[in-house]
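Shown next, in structure tokens, is the structure this report addresses.
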Amino acid sequence: MAAIRKRSRRSDSAIILLFLIPCLQIVQLHVIGVLYGSDLLLLATFIVLALRGRIRVTAPVGKWFLILGCLWLASQCVTDILRHSAFADYVRGWSNIGMTLVNFCVLWTLLYGKTRRLIVYGWGLVAGSLLTYLIKPDDFAQSYPWKFGLAYPVTMGVVLIASSKRFSGLWPIIVTAAIGAINVSLGARNRGGACVAAALYLLLTLFLRGKLRESTKVKAGTVVTLAASIVLGVVGIFWGYEYAANVGMLGLKAQKEYEQESSGKYGLLLGGRSELLGSIPAIYDSPILGHGSWARDPKYILMQITAENVFGYKGGSDITRADLEEGLIPAHSYLFQAWVDAGIVGALFWGWVFVFTAKTLMRVYPATVVLLPAASFIAFSLLWDILFSPYGATGRIVVPYYIVLLATCLAMAPQQTARAAIGVAK
């Protein structure tokens with residue numbers, strides 16, 4: 001495939017730039033919102049590439065990302081104008097979406113189809129995240145050093161190592177599962193769950209490769225059984241976490257957090273992301289237009305508190321008077337945050353990203369796709385974040401990279417094998 005080029009043996013002048021871009025997240029300028037050094041370098045690179053006519057986003061995946069992203073930005077602008085959003089709020093909202101699109105253009109141009117560059121940028125994310133934790137840890141990282149500080153760079157580093165050519169056979173599966181178990185034991189449930197799901201997916205892929213050598217068709221019952229094992233495996237490790245936290249094996253802090261989040265009617269399913277109890281009513285009240293960038297209305301915080309009390313959760317007391325005075329509508333999700341702020345078009349963008357990410361997991365990749373361990377971890381992480389994590393901060397530096405890496409792997413899957421896998425899945 002022409003778009004997927006072989007790694008050049010010559011020195012690559014862009015390598016240093018691609019490592020430096022994510023590293024510069026350590027530089028943080030507080031101008032209305034937070035502007036990272038990575039944003040400035042990506043913007044400068046975009047201008048240089050644009051002036052030279054070097055911006056290239058030719059694959060359908062890249063085009064759809066930009067088209068839907070531009071519609072998301074347009075919807076946010078219209079919403080803010082009609083809602084009379086404050087200047088500081090709409091500047092942050094527009095720049096967040098705009099920089100996401102700019103960063104995507106740069107990273108697609110420089111990274112798509114280039115395995116070595118993708119790995120270098122990944123290591124830049126590892127270094128940048130680690131430096132940020134060591135030099136400028138935020139309040140969350142200071143309170144939960146592994147979950148909000150070390151979990152991401154360590155896990156990303158492990159899956160990148162597992163993606164090297166020196167690791168083959170069962171080793172990528174073993175190390176990915178091992179770092180998943182470590183994450184869960186140290187309280188980083190989402191990282192741990194993504195790693196366990198990725199390890200089981202790698203095991204499934206390894207099995208299907210052997211089957212597809214013998215025949216172009218795999219029994220549907222076998223695939224369903226193995227796919228169900230991924231779900232059961234992830235559920236099992238979360239059950240193990242619940243048990244260990246409940247009996248105090250993970251420490252007093254984890255035990256108290258578990259007791260609070262599981263105290264209500266729907267357990268951890270809702271207790272861990274109780275912000276949904278505020279964002280869903282906000283979406284219901286204005287599903288098409290949205291409420292504006294950094295939308296504020298304390299009534300939705302009160303709705304969340306009321307719903308928590310009705311369902312028996314103890315988390316309402318964590319909302320302070322300052323939270324009520326600020327009135328920021330709770331939305332702990334890429335999807336719901338975009339829907340609350342920009343309306344249904346914002347949700348359409350993240351819905352497309354979710355479907356695309358799930359689609360990348362519906363392939364049987366050949367062993368030559370060395371990025372598969374990192375890609376599988378990234379895919380499961382992105383699926384989780386779209387539903388359960390807030391978008392912003394370093395998200396605009398990380399998510400475009402994720403999409404480019406997944407699109408690269410997807411393009412490397414042979415069409416014949418892909419059609420066979422899709423037939424089995426159907």
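Computed from heavy atoms alone, side chains included, the values below leave out hydrogens, waters and symmetry copies.
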Quiz item: Within the distance-only criterion (no hydrogens, no angle test), does the side chain of Thr109 pair as donor or acceptor with the backbone N or O of Arg56 below 3.5 angstrom?
Solution: yes
Quiz prompt | Under 3.5 Å: donor-acceptor pair, side chain of Ser75, backbone of Ala342 | solution = yes
Quiz prompt | Side-chain donor or acceptor of Arg189 paired with backbone N/O of Leu186 under 3.5 Å | solution = no
Quiz prompt | OH-OG1 distance between Tyr152 and Thr394, expressed to the nearest 0.5 angstrom | solution = 7.5 Å
Quiz item: Side-chain donor-acceptor pair under 3.5 Å between Tyr391 and Thr100, yes or no?
Solution: yes
Self-check item: Check: Arg296 and Asp89 side chains under 4.5 Å, non-hydrogen atoms
Solution: yes
Exercise. For Ser279 and Gln337, run side-chain hydrogen bond (donor to acceptor under 3.5 Å, both in side chains): C-alpha distance rounded to whole Å, both residues' side-chain angles, the deciding distance at 0.1 Å, then the answer.
Key: CA-CA 8 Å; Ser279 57; Gln337 181 181 336; over 6 Å; no
Practice problem: Describe, in one word, how the ring planes of His291 and Tyr300 are oriented to each other, choosing from parallel (under 30°), tilted (30 to 60°) and perpendicular (over 60°). | Solution: perpendicular
Practice problem: Report yes if the distance between the aromatic ring centroids of Phe87 and Tyr90 is under 6.0 Å, otherwise no. | Solution: yes
Self-check item: Output field: ring centroids Phe104/Phe65 closer than 6.0 Å
Solution: yes
Quiz item: Going by the angle between their ring planes, with limits at 30° and 60°, are Phe336 and Trp339 parallel, tilted or perpendicular?
Solution: tilted
Quiz item: Checking Arg92 against Trp294: charged group under 6.0 Å from the ring centre and within 45 degrees of the axis?
Solution: yes
Quiz item: Looking at CZ of Phe19 and CG of Leu24, how far apart are the two atoms once the value is rounded to the nearest 0.5 Å?
Solution: 10.5 Å
Self-check item: N/O donor-acceptor pair under 3.5 Å between Ser129 side chain and Pro153 backbone
Solution: no
Exercise. Report the distance from atom CG of Leu361 to atom CG of Leu383, rounding to the nearest 0.5 Å.
Key: 6.0 Å
Quiz item: Trp384 vs Phe388 aromatic rings, parallel, tilted or perpendicular, using cut-offs 30° and 60°?
Solution: tilted
Exercise. Measure from the side-chain N and O atoms of Ser333 to the backbone N and O of Ile386, and report whether any donor-acceptor pair falls under 3.5 Å.
Key: yes
Self-check item: Partners passing salt bridge (Lys or Arg N to Asp or Glu O under 4.0 Å) against Asp297 (at least two apart in sequence or in another chain)
Solution: none
Exercise. Quick one: pull up OG1 in Thr155 and CG in Asn183 and give me the separation to the nearest 0.5 Å.
Key: 3.5 Å
Quiz item: Does any N or O in the side chain of Arg116 come within less than 3.5 Å of the main-chain N or O of Lys114, such that one atom is a donor and the other an acceptor?
Solution: no
Quiz prompt | side-chain contact (heavy atoms from CB on, under 4.5 Å) partners for Leu110, two or more places apart | solution = Leu17, Leu18, Thr45, Leu49, Val106, Arg117
Quiz item: Do Gln25 side-chain atoms and Pro22 backbone N/O form a donor-acceptor pair below 3.5 Å?
Solution: yes
Quiz item: Would you call Ile397 and Tyr121 a side-chain contact if the rule is heavy atoms closer than 4.5 Å?
Solution: yes
Practice problem: Say whether, by atom type as modelled, one donor and one acceptor occur between the side chain of Asn103 and the main chain of Met99 under 3.5 angstrom. | Solution: yes
Practice problem: Could you check Ser286 against Arg83 for side-chain hydrogen bond (donor to acceptor under 3.5 Å, both in side chains), going step by step and ending with a plain yes or no? | Solution: CA-CA 12 Å; Ser286 186; Arg83 295 292 189 189; 2.8 Å; yes
Quiz item: side-chain hydrogen bond (donor to acceptor under 3.5 Å, both in side chains) between Asp80 and Ser293: does it pass, once the steps are laid out?
Solution: CA-CA 6 Å; Asp80 285 322; Ser293 296; 2.7 Å; yes
Quiz item: Does Ser163 use its side chain to pair, donor to acceptor, with the backbone of Ala374 at less than 3.5 Å?
Solution: yes
Quiz item: Got a second to check how far Lys359's NZ is from Trp352's CH2, nearest 0.5 Å?
Solution: 9.0 Å
Quiz item: Rounded to the nearest 0.5 Å, how far apart are CG of Asp341 and CD1 of Ile97?
Solution: 8.0 Å
Self-check item: Whether Tyr401 side chain and Leu118 backbone form a donor-acceptor pair below 3.5 Å
Solution: yes
Self-check item: Close side-chain approach of Tyr334 and Val399, heavy atoms under 4.5 Å
Solution: yes
